[in-house]
Every structure is written in structure tokens, then in C-alpha cells.
S.K.: 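The structure under discussion is supplied below as C-alpha cells; questions concerning it will follow.
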Amino acid sequence: MPKLLTLKKKKMRITLLMITLLATIHSVFAQKIEYKDGTFTTDGQAVAKMIKSKNAASLGMVNDFEVQNNDGKTMIIAVLADEFPEDPKDNMSYYFKLTFVGLDKTGFFKVSKLGTEKSLGKLLCGAAIFKDGALDQTATFNFIAKQGKTPPMKTNDYVLIQRNKSWPIELKEGKQIEQDGKVIGQWIDNTPSGSNVDQYDFALPSGLKVASVSFTGGNNAQSCEMITLKDSRKQNVGIPSSDNVKMLMSSIDRNQKSLERIVKWLVQNQYL
């Protein structure tokens, strides 16, 4: 009799394990995301939509995109990263910069030139980052880490302006960076509308881009994500400050204090 009860218990455990396994498999397949005609769907139900707009810099030949949830809230902003040269080993792809709104993250990804919208849609479907009308933080961070790219630098000669290293560096109106009365660089504010991540490019006076930077916290930012083009390096750079800026009225830039600390780092490390 005890052996019979033990056998029944084993059968019950096996049955429960099979039910759990089937439920897990069903859950995995149920979360499969598809993209078609501007809409991301799961089990036929719309979970997000993609809106396209013409990229002005490409004379309308390429589109930029926004991914919104069903309530019209922007989750992802995808723009052509036309400041980077094409990969010489892959002339069939564009570099796109994706800003993940609300997660304080950006990343660069390759998207096919043939059917750019479908290529981007397929890329995001495979990432499986949509959850309950928002971005799944863990899945998004894994997506950036595993599939994000570091675009190559331009092949122009990288020549720094001669500087007096003991002389202070100043940010001037017109987005110019000066030292001892000489222009040594410039910055461009590339922050997408509605994004909580501030994004800037820094370039030499010739226009050659030397770095792309993104950060949160405005003038109180303590670090930034930096891509330097000279060495194709992506890193997190500390720009600590003990100040607590509550509001800054400046004609130079809304993030002037943080930009000053970033420029100082770029000069000290021979990027600008």
C-alpha cells in the first residue's frame, strides 16, 4: 500500500511538472512580437506603433522613427546617425542612434538600407523589450549591450589646435569653445524633443566630430556616456561637481556647467 501511494505521488509530481513546462512554453510563444504596417503586435494585439518622419540632413532620402505605446507615449526615438561614415565592410547598412526614453540610455545599431523601417521593426521585435505599455529595463539594457555598435570615426586627419594648457577654456555664444582668444572647438545639441537624456556632439573648428556625449541630471550631472571617435572608444566618464544648480539662466547653453566639465575632460585627454 505505501508503495502504491508513493507511485501515485510521483505521477502527480510528473504531471505538475509537465503542466508547468507547457505553461512556460505557451508563455514564451505568447510573448512573440511581430511588426507589420507600422504596428508591433503580440498574439494579434497591438502593443506599440512606429511613426516615421523624413530626415532633413539626408534630403528626405532616409526616415527617422518614433516608437509609441498605445497611449501615444514615446518609448524609443530612432534617428539616422549620419555624422558617422559607413562601415567599409558593410555598405548595405546605416548606423541609427536609438534613444530609449525614460531609461536614460542610448545606443547605436545597424539597420539595413533596403527596407529600413522593416529592418528596424525586426530588430526591435527580436529584442523583446516591450512590456505592459513600456520598455522592459533589463531586456533593453541587454539589447544595447549585446547588439549595440560603436560606429567608426571619419578618416579625416585628426589635428588638434595648438593650446596654452595653463590658460582657461571658455564656452562662448554661438556654441564655440575658446582658449586664449582662439576657437579650439564647437558643440552641437542633438537632444531629441521630449527626451530626458541630454545628447551633445563636440567637434574641432574644421567640423570634424571628436566625441558624442549623453547624460542626465542637467548641470548637476555626475557622469556621462562618452564615445570618442579618435579611438572608437565608448566609456562612462566621471564629471563630478559639488555644486547643486537648481536653475541656470544662461544664453550659452541650458547645461553650461556640465558642458564646461566635459570640455575640460576632452582637452585634458587630448581629444579637443
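Keep in mind it's a predicted model, so treat the numbers as computed, not measured. The chain is numbered in sequence order, starting from 1.
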S.K.: Of the non-hydrogen atoms in Ala211 and Met226, which two are nearest, and what is the gap between them?
M.R.: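 Result for this residue pair: CB-SD, 3.9 Å.
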
S.K.: Does the side chain of Asp243 come under 3.5 Å of the side chain of Asn220 through a donor N or O and an acceptor N or O?
M.R.: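 Result is no, nothing qualifies.
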
S.K.: Can you see which heavy atom on Leu98 is nearest to which on Ala78, and at what distance?
M.R.: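 Looking at all heavy atoms of both residues, the shortest contact is CD1-CB, 3.8 Å.
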
S.K.: Counting heavy atoms not belonging to Lys110, are there more than 12 under 6.0 Å from its NZ?
M.R.: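 Atom NZ in Lys110 is packed in, count exceeds 12.
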
S.K.: Can you see whether Asp189 engages Thr191 through a side-chain donor-acceptor pair at a distance of less than 3.5 angstrom?
M.R.: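 Checked: Asp189/Thr191 side chains pair up, N/O donor to acceptor below 3.5 Å.
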
S.K.: With Glu170, which residues qualify under salt bridge (Lys or Arg N to Asp or Glu O under 4.0 Å), at least two apart?
M.R.: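 For Glu170, the residues satisfying salt bridge (Lys or Arg N to Asp or Glu O under 4.0 Å) (neighbours in sequence not counted) are Lys172.
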
S.K.: Can a donor-acceptor pair be found, under 3.5 Å and without considering hydrogens, that links the side chain of Lys175 to the backbone of Asp253?
M.R.: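 Not a single qualifying donor-acceptor pair exists.
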
S.K.: Transitively linked via ILVMFWY side-chain contacts under 4.5 Å: Met50 with Phe100?
M.R.: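 Yes; tracing contacts between hydrophobic side chains, which count when under 4.5 Å, links both residues.
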
S.K.: Quick one: does Lys54's side chain get under 4.5 Å of Met61's, heavy atoms only?
M.R.: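 A side-chain contact is absent here, since even the closest heavy-atom pair is not under 4.5 Å.
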
S.K.: Is a side-chain donor or acceptor of Asn70 paired with a backbone partner of Ala46 at a separation under 3.5 angstrom?
M.R.: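 Flag set: sc Asn70 to bb Ala46 pair under 3.5 Å.
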
S.K.: Checking the side chain of Gln68 only, and the main-chain atoms of Met75 only, is there a donor and an acceptor separated by less than 3.5 Å?
M.R.: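 Side chain of Gln68 to backbone of Met75: no pair is present.
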
S.K.: Does atom CD (Gln45) have a neighbourhood of more than 12 heavy atoms from anything else shown, all under 6.0 Å?
M.R.: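 Open: at most 12 neighbouring heavy atoms sit under 6.0 Å from CD of Gln45.
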
S.K.: Remaining members of Met92's ILVMFWY cluster at a side-chain heavy-atom cut-off under 4.5 Å?
M.R.: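 Members besides Met92, by chain and number: Leu114.
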
S.K.: With a 4.5 Å cut-off on side-chain heavy atoms, are Phe130 and Asp136 touching?
M.R.: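 When only atoms from C-beta onward are counted, Phe130 and Asp136 do not touch, as no gap falls below 4.5 Å.
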
S.K.: Pick out which of Ile262, Asp201, Leu266, Ile177 makes a side-chain contact (heavy atoms from CB on, under 4.5 Å) with Trp187.
M.R.: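 For Trp187, the side-chain contact (heavy atoms from CB on, under 4.5 Å) check succeeds only for Ile177.
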
S.K.: Is a side-chain donor-acceptor pair under 3.5 Å present for Lys209 with Ser212?
M.R.: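 Yes, side-chain donor-acceptor contact under 3.5 Å.
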
S.K.: Apply side chain to side chain contact (heavy atoms under 4.5 Å, CB included) to the pair Val67 and Lys49, showing each step before the final yes or no.
M.R.: CA-CA 6 Å; Val67 178; Lys49 58 185 176 181; over 6 Å; no

S.K.: Do Val197 and Ile129 share a hydrophobic cluster (ILVMFWY, side-chain heavy atoms under 4.5 Å, transitive)?
M.R.: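 Not linked; separate clusters.
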
S.K.: If only atom types and distance count, is the side chain of Thr116 paired as donor or acceptor with the main-chain N or O of Ser112 below 3.5 Å?
M.R.: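 Yes: the side chain of Thr116 pairs with the backbone of Ser112.
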
S.K.: Mind checking whether Leu171 and Gln176 have side chains closer than 4.5 Å, heavy atoms only?
M.R.: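 When only atoms from C-beta onward are counted, Gln176 and Leu171 do not touch, as no gap falls below 4.5 Å.
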
S.K.: With the side chain counted from C-beta on, respond yes when Leu124 and Phe143 share a heavy-atom pair under 4.5 Å apart, and no when they do not.
M.R.: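 Touching, per the 4.5 Å side-chain cut-off.
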
S.K.: Give the other cluster members for Val79, using side-chain heavy-atom distances under 4.5 Å between Ile, Leu, Val, Met, Phe, Trp and Tyr residues; answer none if it is isolated.
M.R.: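 Val79 shares its hydrophobic cluster with Ile77, Val101.
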
S.K.: Is a side-chain donor or acceptor of Arg261 paired with a backbone partner of Ile239 at a separation under 3.5 angstrom?
M.R.: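 Present.
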
S.K.: In terms of side-chain geometry, is the basic nitrogen of Asp198 or Arg254 positioned less than 4.0 Å from the acidic oxygen of its partner?
M.R.: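 Here Asp198 pairs with Arg254 in a salt bridge, since their nearest N and O are under 4.0 Å apart.
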
S.K.: If I compare all heavy atoms of Leu272 with all of Gly185, which pair ends up nearest, and what's the gap?
M.R.: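 Taking Leu272 first and Gly185 second, the nearest heavy atoms are CD1-CA, 4.1 Å.
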
S.K.: Would you check if there is a donor-acceptor pair between the side chains of Gln199 and Thr106 at a distance under 3.5 Å?
M.R.: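 Not at all, the side chains of Thr106 and Gln199 share no donor-acceptor pair under 3.5 Å.
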
S.K.: Is there side-chain contact between Phe96 and Leu123, with heavy atoms separated by less than 4.5 Å?
M.R.: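 They are not in side-chain contact.
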
S.K.: Would you say that Ile33 contacts Thr41 through its side chain, given a criterion of any heavy-atom pair below 4.5 Å between the two side chains?
M.R.: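 When only atoms from C-beta onward are counted, Thr41 and Ile33 do not touch, as no gap falls below 4.5 Å.
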
S.K.: Could you tell me if Asn255 and Ser258 have a donor-acceptor pair between their side chains, going purely by distance under 3.5 Å?
M.R.: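 There is no such pair between these side chains.
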
S.K.: Check Pro240 against Gln222 and note the closest heavy-atom contact, atom names and distance.
M.R.: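 Smallest interatomic distance, heavy atoms only, reads CA-OE1, 3.4 Å.
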
S.K.: Can you check whether Lys73's main-chain N or O pairs, donor with acceptor, with Asp71's side chain at less than 3.5 Å?
M.R.: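 No; judged by distance alone, with no hydrogens or angles, the pair does not exist.
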
S.K.: Using only atom types and a distance under 3.5 Å, with no angle test, would you say the side chain of Glu66 pairs donor to acceptor with the backbone of Lys52?
M.R.: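 No: the side chain of Glu66 does not pair with the backbone of Lys52.
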
S.K.: Mind listing the closest non-hydrogen atom pair of Lys234 and Ile227 along with its distance?
M.R.: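 Looking at all heavy atoms of both residues, the closest pair is CG-CG1, 3.9 Å.
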
S.K.: Would Thr228 and Val210 count as a side chain to side chain contact (heavy atoms under 4.5 Å, CB included) if you check the C-alpha gap in whole Å, the side-chain angles of each, and the deciding distance to 0.1 Å?
M.R.: CA-CA 6 Å; Thr228 46; Val210 299; over 6 Å; no

S.K.: Hey, do the aromatic rings of Phe202 and Tyr271 have their centres closer than 6.0 Å?
M.R.: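 No, too far apart.
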
S.K.: Tell me, with the steps shown, if Glu225 and Phe215 meet side chain to side chain contact (heavy atoms under 4.5 Å, CB included).
M.R.: CA-CA 6 Å; Glu225 188 173 80; Phe215 58 89; over 6 Å; no

S.K.: Is there a side chain to side chain contact (heavy atoms under 4.5 Å, CB included) between Lys97 and Asn190 once you walk through the steps?
M.R.: CA-CA 11 Å; Lys97 178 167 68 175; Asn190 288 323; 4.2 Å; yes

S.K.: Are the side chain of Asn219 and the backbone of Lys257 linked by a donor-acceptor contact shorter than 3.5 Å?
M.R.: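 Yes; at least one donor-acceptor contact below 3.5 Å.
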
S.K.: Which heavy atom in Cys224 sits nearest to a heavy atom in Asn236, and how many Å separate them?
M.R.: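 That would be O-OD1, 3.3 Å.
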
S.K.: Side chains of Thr140 and Lys105, heavy atoms from C-beta outward: is any pair under 4.5 Å?
M.R.: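 Answer no - side chains too far apart.
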
S.K.: With the side chain counted from C-beta on, respond yes when Lys230 and Gln270 share a heavy-atom pair under 4.5 Å apart, and no when they do not.
M.R.: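 Of all side-chain heavy-atom pairs linking Gln270 with Lys230, at least one is under 4.5 Å.
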
S.K.: Indicate, with yes or no, if the rings of Tyr35 and Phe40 have centres closer together than 6.0 Å.
M.R.: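 Yes.
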
S.K.: Quick check with a 6.0 Å cut-off and a 45 degree axis cone: is Lys113 positioned over the face of Tyr94's six-membered ring?
M.R.: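 Judged by the rule (NZ or CZ under 6.0 Å from the ring centre, within 45° of its axis), Lys113 counts as positioned above Tyr94.
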
